[in-house]
Amino acid sequence: MQHPLQLTNSLSRKKEQFIPINPPFVGLYVCGPTVYGEAHLGHARPYVTFDVLYRYLQHAGYKVRYVRNITDVGHLENDADEGEDKIAKKARLEQLEPMEVVELYTQSFHESMRRLNTLPPGIEPRASGHIIEQIEMIKSIINNGHAYESNGSVYFDVINYARENDYGKLSGRVIEELIAGAGNERRELEGQQEKRNPADFALWKKASPEHIMRWPSPWGVGFPGWHIECSAMSKKYLGETFDIHGGGMDLLFPHHESEIAQSKGSCGHAPVRYWVHNNMITINGQKMGKSLGNFITLNQLFNGGHAMLEQAYSPMTIRFFILQAHYRSTLDFSNEGLQAAEKGLARLNAAIALLTRLKSSPDSTVSVGEIREGCYAALNDDLNTAIVISQLFEAVRVINSVHAGTERMSQADIDHLSQTMELFARQVLGLMPEIADAGGEDVDGLMNLIIALRADAKVRKDYALSDKIRDGLTTMGYTLKDEKDGTTWSKA
RNA sequence: GGUCGCGUGGCCGAGUGGCUAGGCAGAGGUCUGCAAAACCUUGUACAGCAGUUCGAAUCUGCUCGCGACCUCCA
């Protein structure tokens with residue numbers, strides 16, 4: 001690693017130097033999706049962001065164990081007794097077995113993540129596969145006096161816990177306000193009578209007779225609460241204390257605050273060294289979210305199938321769009337923004353492709369080392385991918401200038417720049433070239449033949465014919481460019 | 001109401017107490033049969049008011065506007 005990596009730790013709200021607990025090993029846990037619906041643009045942000053972190057840590061030489069869960073049980077519609085499990089509700093509405101819902105959306109999620117070129121996590125545990133671990137953790141919390149059973153459910157005792165722990169530290173909550181029932185606007189939640197205090201949260205919920213997802217436990221038949229699965233699974237695969245926990249800012253409270261409380265309430269110490277949170281994607285200035293109904297799914301973006309979309313956007317355009325902003329800033333969706341990203345990315349890819357056939361000079365008029373250093377510095381500064389991209393565009397300008405003859409580059413610099421682009425654009429940012437349908441092996445030969453025939457026409461100054469050929473190919477999606485040393489073609 | 005954050009040129013979006021972010025769009029020019037692409041030149045922006053300072057868009061205070069969380073949410 002060239003420079004020390006700094007990450008903004010939500011615990012301190014400051015940038016902190018990243019120092020792993022047991023180098024070269026790094027434990028990275030990212031909150032995965034609750035699989036009761038298709039992933040939307042908002043979901044792409046954390047998974048792309050932490051994909052870059054994962055890639056960069058690996059590049060820096062760390063052995064990263066990347067764990068990202070699939071929440072397939074326990075996520076309730078609300079905190080009330082009647083709160084229906086999200087998965088179960090979807091299953092009822094679509095007349096499917098809950099696990100069919102889980103499979104359907106898990107596979108859809110995987111496909112979207114694959115298209116966004118995110119690397120799969122090393123371990124992708126499911127909440128429903130770790131019921132025993134969750135029960136064991138709940139038991140230990142009860143044994144430590146931080147949880148209690150009530151009518152077949154188990155609740156975390158926030159007041160008891162807060163006597164010796166700083167509950168609310170991560171999210172900036174004030175315990176007294178939570179105890180008082182939070183803000184004036186907070187509506188009365190049903191089923192609160194089972195709790196000793198409104199601030200308490202469920203570790204285990206008793207299953208009502210019609211509830212289809214149910215497991216036996218020491219407290220009767222039921223299902224785990226929403227927050228406990230992350231605590232149990234991160235502990236199982238990363239240990240009682242691990243390096244980085246990531247997720248959306250909207251999970252800060254109550255989810256991550258509860259995770260800390262559960263882990264400390266169970267084993268006595270904080271589970272995570274660095275809490276890293278990405279900001280929201282907004283649409284018309286408002287958070288894109290399921291409950292607001294203002295979301296656009298990734299598949300809709302990929303195929304243009306949404307009323308708000310003027311066109312389809314490729315997965316790499318989405319990825320590029322996300323990485324053009326810093327992960328801690330909100331990012332506003334717009335067709336204009338996506339279209340600008342699409343064009344910019346195409347220019348970037350074209351320049352990288354051009355790099356391989358650039359003519360070298362004995363000397364260089366540009367310094368390519370600064371670009372590489374700039375990329376490292378930007379990534380080390382809290383994963384500033386926006387600056388990395390601006391550095392890549394500096395390289396684009398250099399590449400095109402050399403091609404245009406206004407600058408010169410030595411072969412050594414060309415090689416250096418090639419490695420830089422490969423490393424940062426491809427490997428770290430994960431921006432793969434758009435793979436257009438090749439159309440088969442024959443296309444190359446056919447295109448070369450057509451271009452040769454058109455060149456003959458141009459020699460004869462038969463521009464009517466040469467333009468007819470070019471226009472015809474354009475309508476088929478093939479673009480011809482007449483350059484000084486010949487004609488090149490590309491498929492849209 | 002509480003806590004936190006944001007307000008940057010036509011749009012998106014970085015950053016910073018004095019030194020070019022970048023992308024997209026626009027204007028002029030070069031190249032070209034034309035086109036496309038590319039290259040060169042071009043924008044003196046940081047919500048408002050007051051203060052600190054040699055100097056602030058960057059720090060402080062206030063005002064206005066917007067948002068996030070406080071309930072499910074990436």
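Below, read A as the first sequence line, B as the second, and so on, with proteins coming before strands; counting in each chain starts at 1.
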Quantified in whole Å, what is the [atom1] atom distance between nucleotide [N] and nucleotide [M]?
N      : M      : atom1 : value
B/rC46 : B/rC12 : P     : 15 Å
B/rC31 : B/rG13 : P     : 38 Å
B/rG17 : B/rG55 : C1'   : 8 Å
B/rA38 : B/rA21 : C1'   : 22 Å
B/rG22 : B/rC4  : C1'   : 29 Å
B/rG48 : B/rA57 : C1'   : 13 Å
B/rA14 : B/rA47 : P     : 15 Å

Point to revise | B/rA36 base / A/Arg470 side chain donor-acceptor hit below 3.5 Å | key: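 In this structure, the two groups form no donor-acceptor pair.
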Review point. Is there a donor on the side chain of A/Asp482 or the base of B/rC34 sitting less than 3.5 Å from an acceptor on the other?
Key: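 Flag set: donor-acceptor pair detected.
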**Study point:** Which residue lies more 5' along RNA chain B, comparing A/Val174 with A/Gln286 via nearest heavy atoms
**Key:**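 Nearest-nucleotide comparison on RNA chain B picks A/Val174.
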Once you round it to whole Å, what is the distance between [atom2] of [N] and [atom1] of [X]?
X        : N      : atom1 : atom2 : value
A/Ile389 : B/rG15 : CD1   : P     : 13 Å
A/Asn400 : B/rC31 : CG    : P     : 19 Å
A/Phe201 : B/rC70 : CZ    : C1'   : 15 Å
A/Ile451 : B/rA35 : CD1   : C1'   : 15 Å
A/Arg397 : B/rA21 : CZ    : C1'   : 13 Å
A/Asn384 : B/rA21 : CG    : C1'   : 10 Å
A/Glu342 : B/rG23 : CD    : P     : 17 Å
A/Arg173 : B/rA68 : CZ    : C1'   : 10 Å

Check your understanding: Taking atom CZ of A/Phe201 and atom CG of A/Leu203, what is their separation to the nearest 0.5 Å?
Key ->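 So the gap between those two atoms works out to 5.5 Å.
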Check your understanding: Considering only side-chain heavy atoms of A/Ser390, which listed nucleotide, B/rA21, B/rC69, B/rC39, is closest?
Key ->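 So the nucleotide nearest the side chain must be B/rA21.
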Practice item. Name the closest nucleotide to the A/Ser401 side chain, picking from B/rC40, B/rA74, B/rC31. Key: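 Shortest atom-to-atom distance from the side chain points to B/rC40.
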Need one value for [X]: base, sugar-phosphate or nothing, where a base atom within 4.0 Å counts as base even if backbone is also close, heavy atoms only.
X        : answer
A/Leu252 : nothing
A/Met249 : nothing
A/Ser291 : base
A/Ile281 : base
A/Leu331 : sugar-phosphate
A/Ala404 : sugar-phosphate
A/Gly42  : base

Check your understanding: Is there a donor in the side chain of A/Glu16 and an acceptor in the side chain of A/Tyr274, or the other way round, less than 3.5 Å apart?
Key ->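 The answer is no; no qualifying pair exists.
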**Study point:** Residue pair A/Tyr105 / A/Asp72, side-chain donor-acceptor N/O under 3.5 Å
**Key:**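 Result is no, nothing qualifies.
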For nucleotides 24-27 of chain B, print each protein N/O atom paired with a nucleotide N/O atom at under 3.5 Å, atom names and distance only.
{"from": "B/rC24", "atom 1": "OP1", "to": "A/Arg347", "atom 2": "NE", "distance (Å)": "3.0"}
{"from": "B/rA25", "atom 1": "OP1", "to": "A/Lys343", "atom 2": "NZ", "distance (Å)": "3.2"}

Counting only side-chain nitrogens and oxygens, does [X] get under 4.0 Å of the OP1 or OP2 atom of [N]?
X        : N      : result
A/Ser171 : B/rC4  : no
A/Lys481 : B/rU32 : no
A/Ser329 : B/rA14 : yes

Contacts of [X] that satisfy salt bridge (Lys or Arg N to Asp or Glu O under 4.0 Å) - sequence neighbours left out:
X        : value
A/Glu94  : A/Lys90
A/Lys169 : none
A/Asp471 : none

Exercise for review: Verify the neighbour count for atom CD of A/Glu422: are there more than 12 heavy atoms of other residues, nucleotides or ligands below 6.0 Å?
Suggested key: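 Result for CD/A/Glu422: enclosed.
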Review point. Using a heavy-atom distance cut-off of less than 4.0 Å, which residues of residues 459-467 of chain A contact RNA chain B?
Key: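 Those residues whose heavy atoms fall under 4.0 Å from RNA chain B, taken from residues 459-467 of chain A in numerical order, are A/Tyr463, A/Ser466, A/Asp467.
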Check your understanding: Between residues 317-328 of chain A and RNA chain B, which residues have a heavy-atom gap below 4.0 Å?
Key ->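 RNA chain B contact set from residues 317-328 of chain A: A/Gln324, A/Ala325, A/His326.
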Check your understanding: Paired stems touching RNA chain B, three or more consecutive Watson-Crick or G-U pairs with both distances under 3.5 Å?
Key ->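 Runs of three or more consecutive pairs: B:1-7 with B:64-70, B:10-12 with B:22-24, B:26-30 with B:38-42, B:47-51 with B:59-63.
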Point to revise | Check: A/Phe109 ring centroid to A/Tyr47 ring centroid under 6.0 Å | key: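 Under 6.0 Å, so yes.
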Distance-only criterion, 3.5 Å: show the donor-acceptor pairs between side-chain atoms of residues 348-358 of chain A and protein atoms not counting sequence neighbours.
{"from": "A/Asn349", "atom 1": "OD1", "to": "A/Arg426", "atom 2": "NH1", "distance (Å)": "2.9"}
{"from": "A/Asn349", "atom 1": "OD1", "to": "A/Arg426", "atom 2": "NH2", "distance (Å)": "3.2"}
{"from": "A/Asn349", "atom 1": "ND2", "to": "A/Leu345", "atom 2": "O", "distance (Å)": "3.4"}
{"from": "A/Thr356", "atom 1": "OG1", "to": "A/Ala353", "atom 2": "O", "distance (Å)": "2.8"}

Side chains of residues 276-285 of chain A: which donor-acceptor pairs under 3.5 Å do they make with residues two or more places apart or in other chains?
{"from": "A/His277", "atom 1": "ND1", "to": "A/Ser10", "atom 2": "OG", "distance (Å)": "2.6"}
{"from": "A/His277", "atom 1": "NE2", "to": "A/His256", "atom 2": "ND1", "distance (Å)": "2.7"}
{"from": "A/Asn278", "atom 1": "OD1", "to": "A/Gly248", "atom 2": "N", "distance (Å)": "3.4"}
{"from": "A/Asn279", "atom 1": "ND2", "to": "A/Arg328", "atom 2": "O", "distance (Å)": "2.9"}
{"from": "A/Thr282", "atom 1": "OG1", "to": "A/Leu331", "atom 2": "O", "distance (Å)": "3.4"}
{"from": "A/Thr282", "atom 1": "OG1", "to": "A/Asp332", "atom 2": "OD1", "distance (Å)": "2.6"}

**Study point:** Pairwise ring pair (Phe, Tyr, Trp, His ring centres under 6.0 Å) hits with a residue in residues 278-300 of chain A, at least two apart
**Key:**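 Found A/His40-A/Phe295.
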Review point. Considering residues at least two apart in sequence or located in another chain, which fulfil the side chain to side chain contact (heavy atoms under 4.5 Å, CB included) criterion with A/Thr118?
Key: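 Listed in chain order: A/Val48, A/Asp51, A/Met113, A/Leu116, A/Arg319.
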So do the side chains of [X] and [Y] get within less than 4.5 Å of each other, counting heavy atoms only?
X        : Y        : value
A/Pro271 : A/Glu259 : no
A/Leu28  : A/Leu238 : no
A/Trp489 : A/Leu473 : no

Practice item. Please list all pairs passing the salt bridge (Lys or Arg N to Asp or Glu O under 4.0 Å) test where one or both residues lie in residues 393-407 of chain A, with sequence neighbours left out. Key: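 For residues 393-407 of chain A, and leaving out neighbouring residues, the salt bridge (Lys or Arg N to Asp or Glu O under 4.0 Å) pairs sorted by first residue read A/Glu394-A/Arg397.
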Check your understanding: Under the criterion side chain to side chain donor-acceptor pair (under 3.5 Å), which of A/Asn9, A/Asp382, A/Asp381 is the partner of A/Lys15?
Key ->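 Option passing the side chain to side chain donor-acceptor pair (under 3.5 Å) with A/Lys15: A/Asp381.
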